[in-house]
Protein chains: 2
Amino acid sequence: MQESQWIREWAPLVADDKTDGGSQTLARGLRALEIVGTAESSMTVARLGEELDIHRSMAYRLVKTLELHGFIDRHASGELTLGVKLATLARSVAKTLQEAAAPELADLAARFEMTAFLATYDGDSVVTLSSSEPQNVETTVAKRPGSRHSIDRGAPGKVVRSQLDPARFPPQSFEFSQDEVIPGVASIAVPLAISGNSPAALAVIFLPQPIDREEIASALAEAAARIRRALGR
Amino acid sequence: MQESQWIREWAPLVADDKTDGGSQTLARGLRALEIVGTAESSMTVARLGEELDIHRSMAYRLVKTLELHGFIDRHASGELTLGVKLATLARSVAKTLQEAAAPELADLAARFEMTAFLATYDGDSVVTLSSSEPQNVETTVAKRPGSRHSIDRGAPGKVVRSQLDPARFPPQSFEFSQDEVIPGVASIAVPLAISGNSPAALAVIFLPQPIDREEIASALAEAAARIRRALGR
DNA sequence: GGTTGTGTCTCTATAATTGAAACAGTATTC
DNA sequence: GAATACTGTTTCAATTATAGAGACACAACC
């Protein structure tokens, strides 16, 4: 199988109206999931219809099917939320990522005596997927999986932004930040393209100390390459 | 002229063709996600077609749309895996659950000086979603979010089993276990129906001590009711 | 009361789906 | 190395499933 056979062209980050060859109904259902998941106020069938620019009856049918498969929960009040099935499915992809990244994270943590972590983005925030703290070290910086902060700050945020919008944020080989997220804490991050349209970053976080940024950055890049290889990309 | 009426004999799909009123195409796409997520060996477009009992061309179109929206990743080798988008969406539902359960968990932990936690199931294991440890107590039992063990052991496992298979495991008002998961550790659990088809359990875990099981169980049940109310069910 | 807004169902034209066939590569044979 | 047997991919026509409109019941709100 040849990679060039598969033409990948995702210029837009969101709003994929062009249903070239794919299924339109499926696309609408998936967009419904995204809308329900990222809704700030309470989402309902009627509002979903407006959001998707389709009839209420159509939105109703989509929700019906999504609920039947456990992807959406409908509360007694009529409010829509994402179903627990999504959490179950996500456990699968999270496990795959973690298994591929775990040895590299542990290696980085032990080698530089820093906390290493893998992060992706969701909406406009950076989310930590998994992390590894160094052993036998007096003080470390904890980076809990699931924790998130604005995409505007920190080295991982810069990396993610450069993947999302290369024009405005030219990609660098690595990014460095200090005192941007937490005062007195610095981090170095490199890009990790684990998926075509889901940017991610591999990074270390540490208390300020004399370090060789290039050395750490190249180690991160090598680890990122190994992770990507372990994932079969 | 050739009579090319392609005979549509809907094969005896076990129980998956319950598309009453909903969208059939969407249902197929969602089933594709489940199949890819729970595939033991490597999944491919052709195999997905066989699994869904549809033509390769149709499976290809489904995958195309699913990939365009980030729900599926296609590796260079042609292997299909769930996309990172699912992980980010799942974070939303997890956050909702945690926000609703956090105050109740903290209250239970403080009141009984035990670690309280919320668990659901995935496959055949019990997964801890969130937990709260008591403050100002010398020794507690830690229950990390994300940790899992077999559904066959422990009070939360019993509760989940009774929700999954009420015939074989008659539901009780509460369940108790000791030395089943970790020697010297006991737990009490009650059911928490947060979603129609996703059972969950609210529980406390503690070191053996003289306690009033019924008192704890009723407190758990009341907390579960409040959580369910907070979720709008 | 009336009004506005839900969610839900039935109906029908039409648009989108879908199966087949064909093409193009690749892996796996002989 | 040619031939075979797989993939993934695209095109096309037949027709099926879809999607919009409308109507209904029920709440909430003024």
Side-chain angles (χ1 to χ4, degrees), chain A residues 1-9 16-32 36 39 41-68 72-81 196 232, chain B residues 1-11 13 16-32 36 39 41-68 72-81 196 232-233:
Chain A
M1 242 141 290
Q2 193 169 310
E3 193 174 10
S4 60
Q5 213 169 356
W6 221 305
I7 305 168
R8 302 168 180 274
E9 38 164 358
D16 304 310
D17 289 4
K18 48 175 184 180
T19 58
D20 45 354
S23 166
Q24 180 193 235
T25 313
L26 217 196
R28 276 208 263 241
L30 298 180
R31 276 185 57 202
V36 171
S41 60
S42 75
M43 182 56 61
T44 174
V45 171
R47 275 201 54 204
L48 182 64
E50 297 175 3
E51 211 78 33
L52 286 171
D53 198 28
I54 57 176
H55 222 251
R56 289 208 318 279
S57 57
M58 199 54 227
Y60 168 71
R61 281 188 282 256
L62 289 179
V63 167
K64 197 174 183 179
T65 302
L66 287 169
E67 188 197 15
L68 197 79
I72 272 189
D73 278 348
R74 310 211 307 183
H75 302 208
S77 60
E79 188 183 358
L80 303 176
T81 55
Chain B
M1 48 192 71
Q2 54 194 7
E3 52 172 344
S4 62
Q5 288 182 333
W6 46 91
I7 307 120
R8 179 184 298 273
E9 41 172 351
W10 32 80
L13 292 172
D16 302 73
D17 58 348
K18 41 182 178 181
T19 59
D20 45 354
S23 165
Q24 179 192 239
T25 313
L26 217 196
R28 273 208 265 241
L30 298 180
R31 276 187 57 203
V36 171
S41 59
S42 77
M43 181 56 61
T44 174
V45 170
R47 276 200 54 204
L48 181 63
E50 296 174 4
E51 211 79 31
L52 285 170
D53 198 28
I54 57 178
H55 251 237
R56 289 206 318 279
S57 57
M58 200 53 228
Y60 167 72
R61 282 187 282 255
L62 290 178
V63 167
K64 196 174 184 179
T65 302
L66 288 169
E67 190 201 14
L68 197 78
I72 273 189
D73 279 348
R74 310 209 310 182
H75 301 209
S77 60
E79 188 183 357
L80 304 176
T81 54
R233 311 216 107 236

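Note on naming: letters A, B, ... go to the chains in the order of the sequence lines (proteins, then strands), and numbering restarts at 1 for each one.
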Less than 4.0 angstrom between a side-chain N/O of A:K64 and OP1 or OP2 of C:dG7, yes or no? no
Length of the line joining B:M58:CE and C:dA21:P, which is rounded to integer Å: 18 Å
Here the pair of heavy atoms bringing A:E51 nearest to A:R31 is O-NH2, 4.1 Å
The answer to which of A:R56 and B:R56 contacts DNA chain C further toward the 5' end, by nearest nucleotide, is A:R56
Do you see a donor-acceptor pair shorter than 3.5 Å between the side chains of A:R28 and B:S23? no
If you check every side-chain atom of A:R28, which of D:dA17, C:dC9, D:dA19 has the closest atom? D:dA19
Out of C:dT8, C:dG7, C:dG19, whichever nucleotide has its closest atom nearest the side chain of A:A46: C:dG7
Does the D:dG20 base have a donor-acceptor partner in the side chain of A:R61 within less than 3.5 Å? yes
Can you check the B:I54 CD1 to D:dG8 P distance for me, whole Å? 13 Å
Which nucleotide sits closest to the side chain of B:H55: C:dT18, C:dA20, D:dG8? C:dA20
Side-chain N,O (B:Q24) to OP1/OP2 (C:dT18) below 4.0 Å: yes
Smallest heavy-atom separation, B:A32 atom then B:L66 atom, equals CB-CD1, 4.1 Å
Using every non-hydrogen atom in the two residues, find where B:I72 and B:L80 come nearest and quote the distance to one decimal. CG2-CD2, 4.2 Å
Specify the separation, in whole Å, of atom CZ of A:R47 and atom C1' of C:dG7. 16 Å
For A:S23 and C:dA16, is the shortest distance between a side-chain N/O and OP1 or OP2 below 4.0 Å? no
Evaluate the side-chain proximity of A:L48 to A:L62: yes if any heavy-atom separation is below 4.5 Å, no if none is. no
On DNA chain D, more 5' by nearest nucleotide between B:S57 and A:D53 is B:S57
Assert: residue with more 5' nearest nucleotide on DNA chain C, out of A:T25 and A:E50, is A:E50
How many Å lie between OH on A:Y60 and C1' on C:dC9, as a whole number? 8 Å
How many whole angstroms separate atom CG of B:L62 from atom P of C:dT17? 10 Å
